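Here's the structure we're looking at; comments come further down.
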Amino acid sequence: MQANQIVLPSWLGNKTVFQQQVPFVIEGKAAPIATITLEILKDPTDGRRVSKLDTEYGTILSLETTTSAKGDFKFNIPAYKATTDAYTFVFKCFNETLTLSDIRCGDVWVFLGSEFLSIPMKNATAPATPLKRQVMSHLRFFTPARSGLEDGEKEIAYDPKEHFKDAHWIKITDTKDLANVSSSAFSFAYTVADQVHYPVGVVDLSVADSSIINWISDEVVENQVALHDYLEELELLTDKERYLANLKKDRKINETDSLKNEIEKGRFFLDFDLEKDKKLHDLTTDEEEKKEEKEAEEKAAELDFPTASDSTFGKPVEGGGSAKNLDFGMLSEIREKTGKKAVDSAYIKTKFRVGTMYRAKLHALRGLTIRGMSFSPNKEEFHFGRYDLLLMGLLGTLSSVFEPKEVYDDSLMPSMLFVTMHPGSIDYEFPYKVIEFNEKLMAFCRKLNMPTGMISLHDLLLPDKTKSFTLGIRLAVIALGHHVTPMMPKSCPACSGVEKAGNKLILQFDNLGDGLRLAEGETELRGFAVCGEDRVFYPANARILHGVRVMVWCDDIAEPVSVAYGFSPFPHDATFRNLNDLPVLPFRFDRNASFYAPELFFTSCDSLEFIGIENEGDDFKKLKIYRTFKGNGVITCDTLHKTEGNASLHIRYETENSLYGFEPVLTYKSVMAPVVIRGRSKILVDVFNPDTVKKNLKIENFGEAEVKQQLNWQTLVFKYQEEGPISLESLKFTVEDNSKNGEIYIDNIRFE
């Protein structure tokens, strides 16, 4: 390396995109006390000839400065307008010339955080949509090593990284590097560039298993007293000594895991290595246990006959290791999540260490001017009670890194786009925590004086490799709303007001875009619930009014006092959206103590499948709503013969001992049985008897009723026979029919 080598910021290189309409600063190093010059040249990309008198092209800026005694220099670059033309930056110091070419002026965005933003192109599937070559040429991506560890690095050092070793800007033609770019970042950049027709660059920093704490700098923690005190309460503060101790423990854990794998592999091939066994024992035994073992061995060695009845040899040491005497149930939940144990107070899981991603990925980007940022939380972050303090720490860190720090034109204020937590992050012990987390995130956004928006994926439950691309498109829509087209939505639509009209509630929404609509394939607006003075929510009817409002009501509630939408751990009915394809955010009108509407996916009889989770740990998938438990039957949906909704259940059956039984499946994990229905004491079912044969219908815990021999729909009423509110572990329907074969229609199951 030359002593006078010109060193520039990591984000400035060939193919760079710099932020339009904002002046920026280039700080670097060169030979000390030397003259350094910068020339910026601009050339048309279409190859046309330009007159020498045209001041917009050729050399458009010449700057000169003298480096400090340490070789530091700084150039102030004026604001330029977005263009597809190419810039060249030429730095000269003594005999050294550094030329950066193919630079563009456009919009720069930063993606950081976890989950869906971090899925690379190679692990995702793009929607089958033809891509425009001209738009693709506008896209640039800056993607440092995903984990933060570059070639040769085994751990993230305590001192923040000043420069990346091998990160660089890439274009679409760099296909090998493009495979590692975030799929959300790609679809975001493409969608924005398709509308603005100028370069869009994305600094792709997201890390799959990171948490918000990793992105907050130590300096910000020290400056924000409330955040410092909160992290201190959680015992997550780290000084250099503790940080290095954690790295040492990491090395020990990694060595232990590696050694275990070697030993297991050796044993499989009958290759026993006692030295490795001893080394593993030393690694996995703490100092207290080693001391006790040594004392036991010394005591046993004093005996002539170590196997005698009074020998202590081979007996368990009383009390064992100190960890065995701890009651870990007394630790707070967040301490367990972060790896904090009272016996090992210095160690913290990598995911919850302050500043690791700041050190590895953010610090080296200081001075980069940007249009906006997007952040996606980790699936465990709802465990933090004061997430607002962590968000303030994140924003403080980002503002310390990225420019502009002072904005005199509101249109140039960088925006912050948040991704809400996905329902798949559920903790079954606290099933409402995810939606409460999203609720707090929305409240936080409303208090900020910078442009903010929220994107939800609650309507995309099924595993789908195109989901990350969909997220990128949705983020692009609100980014355009903030910075390009004011008429476009700036966030997912959210309820902004409620008016009462008799027993009906009229809901207003913001960020409507071109208006509200039902999801594709839906004919009814679902997912709404209302409650009366008893604060018991019950599924409600809803209708879109002129594409801008929603009317909600429940015939059984004369005086509704509150309303909710999609306020369920698994809101598979909450598919209502605007015409820009952004889903309406789930909400509740107030936070008063209430019993929220349970999962009643089986009552409409409109479908044979719903999206749920069969067993804990499974992904979402389509599950059968109904099954036969006695006799044989074929259950289908009839869209023509019905009383309400899209369809009814048409059941053709063969009886077993004159009985046929079917039931909604309530054993799925996502149903979280028992299903408790408060404030109701009866179940009503619409029935049609097409073969006009005498039948009875029995419902478990609700009694039975006669099905009349007539060709019209009839409503059967069953009273709950147990004490207390209706509680369903199962709900078995049994048809009693002396005929061997029969058929029946079932529709509009409801509780009153």
Side-chain angles (χ1 to χ4, degrees), residues 114-115 209-213 230 233-236 323 326-342 348-349 351-352 376-390 420-443 456-458 461 463 529 535-537 564 566-574 586-588 591-601 610-621 623 665-678 724-730:
S114 179
E115 302 301 320
D209 205 27
S210 62
S211 78
I212 188 171
I213 291 180
Y230 179 57
E233 178 187 339
L234 296 176
E235 299 182 36
L236 295 180
L326 290 175
D327 178 12
F328 290 116
M330 296 173 64
L331 294 174
S332 68
E333 186 178 13
I334 188 60
R335 286 182 63 185
E336 292 185 30
K337 293 290 181 183
T338 55
K340 291 286 297 89
K341 305 294 187 202
I348 309 169
K349 286 182 181 178
K351 182 190 297 185
F352 297 103
S376 176
N378 181 273
K379 61 185 178 182
E380 292 185 59
E381 289 179 15
F382 59 76
H383 290 291
F384 289 104
R386 291 302 310 274
Y387 198 71
D388 56 329
L389 297 178
L390 300 178
T420 63
M421 196 170 287
H422 190 268
S425 302
I426 186 172
D427 182 334
Y428 289 99
E429 293 183 12
F430 308 96
Y432 280 88
K433 270 195 173 182
V434 169
I435 44 180
E436 289 175 348
F437 173 90
N438 292 336
E439 194 175 53
K440 293 176 183 177
L441 186 60
M442 185 186 304
S456 180
L457 294 174
H458 71 269
L461 297 178
R535 303 299 305 181
V536 176
F537 277 84
F567 203 77
S568 165
F570 304 102
H572 65 268
D573 279 338
F587 71 91
R588 52 180 169 173
R591 299 190 185 187
N592 295 338
S594 305
F595 296 103
Y596 292 100
E599 181 66 82
L600 298 177
F601 58 94
F610 82 114
I611 299 172
I613 296 175
E614 187 170 6
N615 301 298
E616 187 169 349
D618 290 353
D619 288 329
F620 285 96
K621 61 182 177 181
L623 301 171
V665 185
L666 302 184
T667 56
Y668 298 133
K669 186 62 180 180
S670 59
V671 175
M672 295 185 292
V675 178
V676 179
I677 305 169
R678 300 177 184 274
I726 296 174
S727 181
L728 306 176
E729 291 279 2
S730 62

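Quick caveat: nothing in here was measured; it's all calculated off a predicted structure.
Proximity of a side-chain donor or acceptor of T667 to a complementary backbone N or O of V665 within less than 3.5 Å is not detected. Judged by distance alone, with hydrogens and angles left aside, the side-chain atoms of S114 form no donor-acceptor pair with the main-chain N or O of S211 at under 3.5 Å. Using a distance-only test at 3.5 Å, with no hydrogens or angles considered, a donor-acceptor pair links the side chain of Y230 to the main chain of G385. Here the side chain of D618 pairs no donor or acceptor atom with the backbone of I613 at under 3.5 angstrom. In this structure a side-chain-to-backbone donor-acceptor pair under 3.5 Å is missing from H458 to P571.
Among all heavy-atom pairs drawn from V676 and S727, the shortest one is CG2-OG, 4.1 Å. Minimum interatomic distance between A597 and A529 (heavy atoms only, all atoms of both residues): CB-CB, 3.9 Å. Across P586 and M442, no two heavy atoms sit closer than the pair O-CE, 4.5 Å. Considering every non-hydrogen atom in both S425 and F382, the closest pair reads O-CE2, 3.2 Å. Contact between L623 and G612 at its shortest, heavy atoms only, is CD1-C, 3.6 Å. For the residue pair D619 and P463, the shortest heavy atom distance occurs at CB-CG, 3.5 Å.
Remark: S670 pairs with no residue by the side-chain hydrogen bond (donor to acceptor under 3.5 Å, both in side chains) rule, at least two apart or across chains.
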*In sequence, state the C-alpha distance, the side-chain angles, and the governing distance for E381 and I212, and then conclude on side chain to side chain contact (heavy atoms under 4.5 Å, CB included).*
CA-CA 8 Å; E381 289 179 15; I212 188 171; 3.7 Å; yes
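Within the 4.5 Å cutoff, side-chain heavy atoms of P377 are placed close to those of Y387. At least one side-chain heavy atom of N378 sits less than 4.5 Å from a side-chain heavy atom of K351. For the pair L389 and F384, the minimum side-chain heavy-atom distance is 4.5 Å or more. At least one side-chain heavy atom of E614 sits under 4.5 Å from a side-chain heavy atom of K621. Side-chain contact between F352 and H383: absent, with no pair of heavy atoms (C-beta onward) separated by less than 4.5 Å. Side-chain atoms of I435 and M421, non-hydrogen and from C-beta on, never get closer than 4.5 Å to each other. In this structure, the side chains of F601 and L666 come closer than 4.5 Å at one or more pairs of heavy atoms. A 4.5 Å side-chain heavy-atom check between Y596 and R588 finds at least one atom pair inside the cut-off.
Atoms CG and OG1, from N438 and T420 in turn, are 4.5 Å apart once rounded to the nearest 0.5 Å. Taken from CZ in F595 to CZ in R535, the straight-line distance is 11.0 Å, to the nearest 0.5 Å. Atom CG of D209 sits about 8.0 Å away from atom CD of E115, to the nearest 0.5 Å. Atom CD1 of residue I426 and atom NZ of residue K669 lie 8.5 Å apart, to the nearest 0.5 angstrom.
Aromatic ring orientation, Y668 versus F610: tilted (interplanar angle from 30° to 60°). Taking the six-membered ring for Trp and thresholds of 30 and 60 degrees, F570 and Y428 have ring planes inclined between 30 and 60 degrees apart.
Ring-centre distance between Y432 and F567: below the 6.0 Å cut-off.
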